[in-house]
Number of protein chains: 2
Amino acid sequence: MESLQPIKRASLHGTVVERLRDLITEGHVPPGEKINEKALCEAYGVSRTPLREALKVLASEGLVTLTPNRGATVAEITERDLDEVFPILMALEGLAGEAACARMSDAAIRQLRVLQDEMEGHYEAGDRAAYFQTNQAIHEAILEGCENQTLIATHRALAGRVRRARYLANMSPARWKQAVEEHAAILWAIEARDGARTAQLLREHLSNKRETLRG
Amino acid sequence: MESLQPIKRASLHGTVVERLRDLITEGHVPPGEKINEKALCEAYGVSRTPLREALKVLASEGLVTLTPNRGATVAEITERDLDEVFPILMALEGLAGEAACARMSDAAIRQLRVLQDEMEGHYEAGDRAAYFQTNQAIHEAILEGCENQTLIATHRALAGRVRRARYLANMSPARWKQAVEEHAAILWAIEARDGARTAQLLREHLSNKRETLRG
DNA sequence: ATAATGAATTTTGTATGCAAATTCAAATCC
DNA sequence: GGATTTGAATTTGCATACAAAATTCATTAT
């Protein structure tokens with residue numbers, strides 16, 4: 001019975017963390033931008049205490065930079081950061097893909113196929129925003145498939161840091177086509193439950209993604 | 001000139017984060033233990049504000065559990081947590097070992113040899129505490145060697161969660177001997193700058209470590 | 001004796017207050 | 001005119017205050 005579930009009382013600081021995290025990872029606040037506590041407090045209608053707690057958490061996630069006595073800024077993403085993060089994402093997604101092949105239900109894999117078809121539709125239509133979103137959903141679904149909450153959380157934190165960079169990057173038509181094909185191959189490997197191949201393809205896919213982001 | 005370096009003004013909450021993190025990862029506070037804010041405030045001589053900010057950060061690192069309106073407890077480590085964390089640590093340390101082989105200076109590798117000899121000395125002497133500490137230092141030195149700050153930070157956060165478990169586990173004499181031998185092999189691979197082999201050996205070493213913790 | 005009730009106490013979550021540091025700009029000097 | 005100084009206005013960091021929730025504990029009812 002749903003009515004017997006514990007009522008989720010969202011704490012203010014928790015809500016603020018989520019709102020701010022979305023704001024930053026979705027790219028609505030440019031990197032390097034100063035975060036004014038007072039202004040944000042008024043915008044959200046909360047006092048400085050929960051806001052500052054949220055900023056500390058986001059700083060530990062690497063989304064904001066805290067400078068003593070100077071407050072918070074949205075963290076910048078350097079080329080070096082991308083060089084650091086992508087090898088880790090490759091390792092993590094490879095690991096997740098391998099586990100997902102072993103653990104995902106057939107139904108979950110069919111759902112992945114639905115997403116893939118949907119994404120190919122966005123590609124055909126040339127809808128970059130929708131493509132990007134479905135792409136994101138596919139990567140997350142594979143991660144969910146590994147059923148390792150720690151891996152999911154670790155990946156999410158790192159992926160969040162570079163999501164903005166991926167938003168901004170506009171792929172060439174050739175690269176876009178290639179990316180869709182890579183995704184198709186990944187899905188075949190998953191449907192065949194070939195863990196090693198899935199891992200390998202995911203790593204290559206991410207490696208290529210890194211190259212398209214290179215400035 | 002040292003006198004011209006910026007004076008590092010440690011923020012209170014940052015200091016509290018470090019102190020509390022050590023307290024928990026070193027196992028001085030048992031998992032599940034309730035964290036009383038008032039008591040900790042008095043012990044550290046700080047007010048609740050910086051302490052609570054620190055707790056939020058540690059919660060996002062997975063070291064403490066925050067329950068709405070009920071405060072903080074030291075996070076428990078379940079077998080399932082270990083099953084989740086170790087595969088990730090294997091992937092991360094493998095990645096770090098591979099990079100370290102390519103990037104570490106000869107001097108740094110010689111320093112690693114010093115640590116290895118030191119650790120073998122502790123093994124001969126049967127000094128588990130000292131062995132554990134040097135062991136830790138070796139793993140950290142390899143991580144440092146990869147020169148990937150993001151990888152170092154990600155690894156540190158995950159390793160911190162299971163450090164307590166490793167403290168508690170007492171290896172059998174046979175397993176202890178094997179662990180020392182594994183470390184020797186890892187160092188040979190690093191000295192030969194054989195990245196692939198180093199990665200492989202590190203993953204196996206961690207996999208074995210996981211097995212000794214089981215039960 | 002045990003369980004249930006509810007008032008007193010403690011603890012938590014958020015807001016506010018205050019001192020120190022930083023920023024910005026007008027005023028000063030070269 | 002441009003650089004430098006100085007002081008008011010912000011802004012930050014920490015402490016404290018207060019309301020809501022949870023816990024404790026004595027009291028009552030079964």
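Every value quoted in this text rests on a predicted model; they were computed, and no experiment measured them. Throughout, protein chains are lettered first and strands after them, A, B, ... in sequence-line order, and every chain is numbered starting at 1.
- Rounded to an integer number of Å, the gap from CG of L66(B) to C1' of dT11(C) is 14 Å.
- Separation of atoms CD (E182(B)) and CG (N208(B)) is listed at 4.5 Å; rounding is to 0.5 Å.
- Screening residues 39-51 of chain A for side-chain hydrogen bond (donor to acceptor under 3.5 Å, both in side chains), with sequence neighbours left out, gives E37(A)-R48(A).
- When the shell of 6.0 Å around NZ of K34(A) is examined, it contains more than 12 heavy atoms from other residues, nucleotides or ligands.
- In this structure, CD1 in I138(A) is found 11.5 Å from CD in Q133(A), a value given to the nearest 0.5 Å.
- L40(A) has its CG atom 12 Å from the P atom of dT11(D), to the nearest Å.
- Rounded to a whole Å, the CG atom of L51(B) is 13 Å from the C1' atom of dT11(C).
- Remark: P of dT16(D) and CD of E42(B) are 12 Å apart, rounded to the nearest angstrom.
- Looking at V85(A) and L82(A), their side chains never come closer than 4.5 Å, going by heavy atoms from C-beta outward.
- Going from atom NZ of K38(B) over to atom P of dT16(D) covers 13 Å, rounded to whole Å.
- Using a 4.5 Å cut-off on side-chain heavy atoms (C-beta onward), L55(A) and V16(A) make no contact.
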TODO: Going 5' to 3' through nucleotides 13-20 of chain C, assign each nucleotide B (protein heavy atom under 4.0 Å from a base atom), S (under 4.0 Å only from sugar-phosphate atoms) or - (no protein heavy atom that close).
DONE: BBBBB---
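- Between K34(B) and dT23(D) there is no side-chain N or O to OP1 or OP2 distance below 4.0 Å.
- Residue I35(A) is classed as a sugar-phosphate contact, given heavy-atom separations below 4.0 Å to backbone atoms only.
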